[in-house]
Amino acid sequence: MRRSCKVAVIGGGMSGLVAARELLRESHQITVFEKSHRVGGTWVYDPCVESDPLGLDPHRAKVHGSLYASLRTNLMRPLMGFSDYPFTGCDFGDTSELKFPRHEEVLHFLEAFAADSGLMGFVKFGAEVVKVKRTSPDDELSASWMVKWVQGHQENIEHFEAVVICNGHYSEPRLPQIPGIDRWPGKQVHSHNYRTPEPYLNQVIVIVGKGPSGFDISVDVANAAKEVHIASRSLRFKAGKIRGMENIFEHEVVSHVDPDGRVNFADGFSVLADIILYCTGYSYHFPFLEINNLTVDDNRVGPLYKHVFSPRYGPYLSFVGITSATIVFLTSELQSKWISQVLSGKCTLPSENEMMSSVKEMYDEMEEAGKPKHRTHWLYDKMEGYLDWLAAETGLPQIERWWFHMFDALLKSFISFGHGFRGKLEKMSYSNLLNEVK
């Protein structure tokens with residue numbers, strides 16, 4: 001028998017919007033809590049930065065967004081849509097023809113998706129959730145959750161049968177430990193607080209991290225900086241000046257820093273730097289969630305069955321968008337379909353013990369393979385099997401292979417072309433790109 005649940009969705013970004021749509025399709029009663037005054041989440045550009053450039057002060061006035069002004073997507077346009085709502089060109093002049101859209105286009109797409117899906121009337125704007133707490137005993141088959149939120153200066157409380165958490169994970173900076181950093185005199189900034197290159201004029205900058213943000217920001221800030229030195233753990237580079245780049249250099253990891261301002265790299269090179277800019281990612285953060293049996297340990301949110309359901313509280317507590325290194329929009333859509341169908345009774349979850357066994361098996365496999373704990377929710381080589389599993393679980397046909405072929409082609413291009421990968425791919429047709437991996 002199909003059920004209709006009263007569900008709270010925490011967050012009005014991409015994951016929250018697609019979760020809301022799928023829940024409505026299964027006839028659930030939803031409320032979406034969005035603390036800002038528009039949908040889009042991390043895709044809403046905010047020129048403001050935090051008072052603490054490292055994001056360590058718990059009393060700082062927090063800024064949710066981490067977008068920098070020049071940001072373009074790392075995934076090509078066809079990979080930025082949903083299975084039945086493709087990412088189409090928006091009216092942004094010449095940029096609408098770019099294979100890698102600018103952030104303004106992504107926000108426009110999400111706003112259109114929310115409007116076309118009839119979601120706007122279900123969103124409480126300016127509503128910051130401050131507490132989510134289970135109010136029914138753990139041994140009850142049904143569940144009740146208290147959600148407290150602040151809107152303006154007023155606290156509000158409402159009870160729900162289920163909670164879907166979609167609050168994103170690009171707001172709480174994650175920082176490395178560098179020997180000597182406490183006595184290093186220069187300025188330190190996390191990429192969460194980077195917006196434009198102008199404040200870095202004529203500075204010598206060390207960028208720690210060569211993921212997507214480090215990759216992009218190094219090129220952007222080089223337009224103003226005197227020198228940019230990237231500290232990378234990658235084995236696929238030759239230390240020294242990057243080919244085709246006037247003032248960008250690549251090195252091995254930072255080994256230590258000195259009180260005179262010098263930054264030392266593991267390859268033996270050192271430089272007197274003005275700024276260390278950390279492009280080292282973010283931590284999962286759920287300050288409003290007051291439950292037992294769920295922790296965040298070195299960026300492992302757990303235990304979570306298939307990165308979605310809490311074994312203890314499933315199906316009434318779930319997460320969308322925890323996974324990374326994947327086709328993000330499609331993954332969130334399939335996770336949302338699964339959650340919605342589990343709540344309606346179309347799909348069933350294994351027992352708590354079976355789900356815990358599955359989680360333990362994943363942890364054991366990671367340990368045996370030598371994968372660090374903070375990579376728990378990275379999919380990469382497991383993405384294809386994971387998405388096919390979600391599709392099968394929700395009664396959908398196997399995911400069309402072009403999604404994976406295009407994703408693989410992007411990874412290979414990134415490795416081959418480095419900082420120039422977007423420029424190379426902009427000149428290549430989609431069909432030629434796909435032929436590269438067949």
Side-chain angles (χ1 to χ4, degrees), residues 1-10 15 18-19 22-23 25-28 132 134 136-145 160-166 284 286 289 291-297 300-324 326 330-369 371 373 375-379 381-399:
M1 181 178 177
R2 291 187 63 177
R3 301 189 303 266
S4 175
C5 294
K6 183 181 179 182
V7 185
V9 179
I10 314 297
S15 293
V18 74
E22 296 303 326
L23 287 162
R25 284 179 167 179
E26 287 294 314
S27 301
H28 297 297
V132 173
R134 186 176 170 92
S136 59
D138 285 354
D139 58 356
E140 282 193 9
L141 295 178
S142 61
S144 179
W145 297 85
F160 294 85
E161 292 173 83
V163 176
V164 183
I165 296 178
C166 313
Y284 296 101
F286 313 103
L289 193 55
I291 61 168
N292 299 318
N293 307 102
L294 192 95
T295 62
V296 180
D297 179 14
R300 170 181 284 175
V301 184
L304 288 181
Y305 176 62
K306 303 292 186 182
H307 310 284
V308 173
F309 285 104
S310 161
R312 187 71 189 92
Y313 302 111
Y316 303 106
L317 179 66
S318 57
F319 296 76
V320 177
I322 290 288
T323 47
S324 57
T326 184
L330 179 64
T331 303
S332 291
E333 179 187 1
L334 292 172
Q335 290 172 339
S336 298
K337 288 180 183 294
W338 185 34
I339 292 166
S340 303
Q341 291 188 19
V342 167
L343 286 173
S344 68
K346 275 188 180 179
C347 298
T348 57
L349 290 177
S351 68
E352 179 182 347
N353 287 339
E354 289 171 322
M355 287 191 281
M356 285 300 299
S357 294
S358 175
V359 173
K360 184 179 183 304
E361 182 180 346
M362 179 181 69
Y363 292 171
D364 289 345
E365 287 177 0
M366 287 186 63
E367 186 174 353
E368 187 175 336
K371 292 184 179 180
K373 189 179 291 186
R375 290 288 186 260
T376 297
H377 305 294
W378 281 49
L379 293 184
D381 56 338
K382 295 184 179 297
M383 175 185 66
E384 188 171 337
Y386 179 73
L387 296 187
D388 280 339
W389 184 90
L390 285 172
E393 196 72 7
T394 54
L396 296 174
Q398 188 183 58
I399 303 300

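FYI, the numbering just counts along the sequence from 1.
- For the pair Tyr305/Pro350, a side-chain contact is recorded, criterion being any heavy-atom separation below 4.5 Å from C-beta on.
- For Ser310, there are no side chain to side chain donor-acceptor pair (under 3.5 Å) partners at least two apart in sequence or on another chain.
- Among residues two or more places apart in sequence or in another chain, the side chain to side chain contact (heavy atoms under 4.5 Å, CB included) test is passed with Asp388 by Glu384, Gln398, Ile399, Arg401, Phe404.
- Between Trp378 and Lys371 there is no side-chain heavy-atom pair separated by less than 4.5 Å.
- Partners of Tyr386 by side chain to side chain donor-acceptor pair (under 3.5 Å), not counting sequence neighbours, listed by chain and number: Gln335.
- Judged by distance alone, the side chains of Ser15 and Ser332 do bring a donor and an acceptor atom under 3.5 Å apart.
- Taking both residues in full, the closest heavy atoms of His307 and Leu379 are given as NE2-CD2, 3.9 Å, listed atom of the first, atom of the second, then distance.
- Between Leu304 and Leu294 the shortest side-chain heavy-atom distance falls below 4.5 Å.
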Q. Are Ile10 and Leu289 close enough, and set up right, to give a side-chain contact (heavy atoms from CB on, under 4.5 Å), and what steps lead you there?
A. CA-CA 11 Å; Ile10 314 297; Leu289 193 55; over 6 Å; no
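- Listed by chain and number, the residues in a ring-ring contact (aromatic ring centres under 6.0 Å, His included) with His28 amount to none (sequence neighbours excluded).
- The minimum heavy-atom distance linking Met356 with Pro303 is given by the pair SD-CG, 3.7 Å.
- Scanning all heavy atoms of the two residues, the minimum distance from Pro315 to Phe309 falls at O-CE2, 3.7 Å.
- Atom NZ of Lys382 sits about 14.0 Å away from atom OG1 of Thr323, to the nearest 0.5 Å.
- Qualifying side chain to side chain donor-acceptor pair (under 3.5 Å) partners for Thr331, counting only residues two or more places apart in sequence or in other chains: Thr326.
- Contacts of Ser336 classified as side chain to side chain contact (heavy atoms under 4.5 Å, CB included), with partners at least two apart in sequence or in another chain: Val18, Ala19, Glu22, Val320.
- Using a 4.5 Å heavy-atom cutoff, the side chains of Leu317 and Ile165 are in contact.
- Between the side chain of Arg3 and the backbone N or O of Val342, at least one donor-acceptor pair lies under 3.5 Å.
- Counting heavy atoms of neighbouring residues, nucleotides and ligands inside a 6.0 Å radius, atom NZ of Lys306 exceeds 12 of them.
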Do any side-chain atoms of residues 357-367 form donor-acceptor pairs under 3.5 angstrom with protein atoms, and if so which ones, sequence neighbours left out?
unit_1	atom_1	unit_2	atom_2	d
Ser357	OG	Asn353	O	3.0
Lys360	NZ	Asp364	OD2	2.9

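- Separating the CD1 atom in Ile339 from the OH atom in Tyr316 is a distance of 14.0 Å, to the nearest 0.5 Å.
- For Lys346, the salt bridge (charged side-chain N to carboxylate O under 4.0 Å, His left out) test picks out Glu26, with sequence neighbours left out.
- The closest side-chain heavy-atom distance from Arg312 to Ile291 is not below 4.5 Å.
- Looking at residues two or more places apart in sequence or on another chain, you find a ring-ring contact (aromatic ring centres under 6.0 Å, His included) between Phe286 and Phe319.
- Under the 4.5 Å side-chain criterion, counting only non-hydrogen atoms from C-beta, Tyr313 is in contact with Asn292.
- Between the OG atom in Ser27 and the CG atom in Leu343 there is a gap of 12.5 Å [rounded to 0.5 Å].
- Atom CZ of Arg375 is separated from atom OG of Ser324 by 7.5 Å, given to the nearest 0.5 angstrom.
- When side chains are defined from C-beta on, Gln341 does not count as touching Glu393, because their heavy atoms never get closer than 4.5 Å.
- A 4.5 Å side-chain heavy-atom check between Asp297 and Lys373 finds at least one atom pair inside the cut-off.
- Among residues two or more places apart in sequence or in another chain, the side chain to side chain donor-acceptor pair (under 3.5 Å) test is passed with Thr348 by none.
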